[in-house]
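What follows is one structure encoded as structure tokens, with my remarks underneath.
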Amino acid sequence: MLPENITAILARNERWEGAAATEPFEAGWAREAVLFVRSLKAPEGTKPALRVQISPDGMHWLDEGATVEVPAEGEVAAVRLTHFGNWLRLAGEFDAGSAATLLVTLHLKA
Amino acid sequence: MTDQTEAIRQGMLLADPQLSRFDPMRRIICHDDFSRGHCGWSQLVGNYEGSLDTMLPGYAQHTSAMLSTLAHWDAGSHGGYDSSYALKIATRPRPGAQNVAIKRLTMRHRGPIRFEAYVTYKPEATELRLGDNDVRSWGFLFDLQGGDQVAKRRVMPHLRFLNADQGETLRKWQYKPGQTQFTDIGSEKKTASHYHLSPDGWQDLPGGDQLMCFNEIATKVNWHYMCFDFDLDAMRPLAFRVNDREFDVSGFESIEIPAMPNLWNMLNFAFFVETDAAKRAFLYIDSVCISGDF
């Protein structure tokens, strides 16, 4: 049987400002992940580094260490991940007056 | 089918550990065991044209279903019915939030079909309390339209278990009759959208009160059997069973709207879940068996 792989959309056309994060995603079956971020509209203000986060339970989160920049409108940024346990999400802190409208895509592979 | 052929078929089903807990009709259309992946159950994305901003808010909130081991903070992975994995549909953490997973097929025969599944539901365990009224509802729907030579209408049977609303304990099955409001999407007159899972229009299924095994803390779950039979020719329900209960569907009505130009022979199945509290609601689906009498 071919190894499982899927593409999940964690955020679609979501406007992120202040403290923002994707919904938690369970990916324990996957050995590797790539998180893609595309800006659907021109980012406003300063562009924070978005932080990959992991969790023991989907409720308590800590930074995994990897980050990905908010890309310019229409452009895509990505971060590659392994050893993330089960739970994954992407989080960001936007300064006052800053915002981004994002498509966040997670590719998982067994 | 002769009596002997049927006896052999039944014997083979009963001896198969994967199928023995289902009662499929003659032909198995699909048997989705989520230890083998997502099995074609995907996110229900809303219609749009030109910009994603045209998507109705009810759809914009939807996210992708995931493969879950029902991992809990206090007891670790609960696991599925007989494998590690189940399909998990999760809402966002605000009252009234909903999420949906859908499987899209087309029909090759308009006759009786049977939709069986093992499912369970829980709120996110963010509090040290049971939270038995934190899931507002969960349920399933079909989205159906007959062939291009015959169909005059699109038919959408909906059934939901209304567990609670605004904190009030309800525990009853409901269906959704009538029509829903369509909104044109974009300017090309090719796409419209309607949020058929909106809170309005649900009716109580007569005799549809049911108490379920919810267990005693937020992280203990029990799997429930459900089975809905529907005739794709008459576009009428035939039977509805959940665990040991059989419900009268003689008064059941579906959402019915005029046939649409791009949906001929559509045979879609969807599960949905809705939260009543400011916490995520989860619907877990261990396995699904869809079969037909053809």
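Protein chains get the first letters and strands the later ones, always in sequence-line order, with residue 1 at the start of each. Because the structure is a prediction, the values reported are computed rather than measured.
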Output the donor-acceptor atom pairs between chain B and chain A under 3.5 Å, with atom names and distances to 0.1 Å.
| residue | atom | partner | partner atom | Å |
| --- | --- | --- | --- | --- |
| B:H38 | ND1 | A:E4 | OE2 | 3.4 |
| B:Q43 | OE1 | A:R12 | NH1 | 2.5 |
| B:Q43 | OE1 | A:R12 | NH2 | 3.3 |
| B:D53 | OD1 | A:N13 | ND2 | 2.8 |
| B:D53 | OD1 | A:K41 | NZ | 3.3 |
| B:D53 | OD2 | A:K41 | NZ | 2.8 |
| B:Y59 | O | A:R12 | NH2 | 3.4 |
| B:H62 | O | A:R12 | NH2 | 3.4 |
| B:S64 | OG | A:I9 | N | 3.0 |
| B:S68 | OG | A:E26 | OE1 | 3.2 |
| B:S68 | OG | A:E26 | OE2 | 2.8 |
| B:K88 | NZ | A:E26 | OE2 | 2.8 |
| B:R92 | NH1 | A:E14 | OE2 | 3.0 |
| B:R92 | NH2 | A:E14 | OE2 | 2.7 |
| B:R280 | NE | A:E23 | OE1 | 2.6 |
| B:R280 | NH2 | A:E23 | OE1 | 3.4 |
| B:R280 | NH2 | A:E23 | OE2 | 3.2 |

(message) Between A:L40 and chain B, with a heavy-atom cut-off of 4.5 Å, which part of the residue counts as in contact: side chain, backbone, both or neither?
(response)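 For A:L40, the contact with chain B is made by the side chain alone.
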(request) Below 4.5 Å from any heavy atom of chain B, which atoms of A:I9 appear? Answer side chain, backbone, both or neither. (result)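 Looking at A:I9, backbone and side chain both touch chain B.
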(request) State which residues pass side-chain hydrogen bond (donor to acceptor under 3.5 Å, both in side chains) with B:D200; sequence neighbours excluded, sorted by chain then number. (result)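 With sequence neighbours excluded, B:D200 shows a side-chain hydrogen bond (donor to acceptor under 3.5 Å, both in side chains) to B:S198, given in chain and number order.
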(message) Holding to side chain to side chain contact (heavy atoms under 4.5 Å, CB included), I want the full list of residues that pass it with B:A164, two or more places apart in sequence or in another chain.
(response)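 Once residues adjacent in sequence are excluded, the partners of B:A164 under the side chain to side chain contact (heavy atoms under 4.5 Å, CB included) criterion are B:N133, B:R171.
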(request) Identify, with sequence neighbours excluded, every residue that meets side chain to side chain contact (heavy atoms under 4.5 Å, CB included) alongside B:A75. (result)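 For B:A75 there are no side chain to side chain contact (heavy atoms under 4.5 Å, CB included) partners, ignoring immediate neighbours.
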(request) For the pair B:D82 and B:R21, find out whether any cationic side-chain nitrogen is under 4.0 Å from an anionic carboxylate oxygen. (result)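 Yes, this pair counts.
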(message) Would you call the rings of B:H196 and B:H158 parallel, tilted or perpendicular, taking 30° and 60° as the class edges?
(response)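 Answer is perpendicular, since the angle exceeds 60°.
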(request) In sequence, state the C-alpha distance, the side-chain angles, and the governing distance for B:V221 and B:N215, and then conclude on side chain to side chain contact (heavy atoms under 4.5 Å, CB included). (result) CA-CA 6 Å; B:V221 308; B:N215 219 304; over 6 Å; no
(request) Validate the cation-pi geometry between B:R160 and B:W138: distance from NZ or CZ to the six-membered ring centre under 6.0 Å, angle to the ring axis within 45°. (result)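 Not flagged: B:R160 not positioned over aromatic ring of B:W138.
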(request) Check each atom of B:A65 against the heavy atoms of chain A and say whether the ones under 4.5 Å are side chain, backbone, both or neither. (result)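 B:A65 touches chain A through backbone heavy atoms alone.
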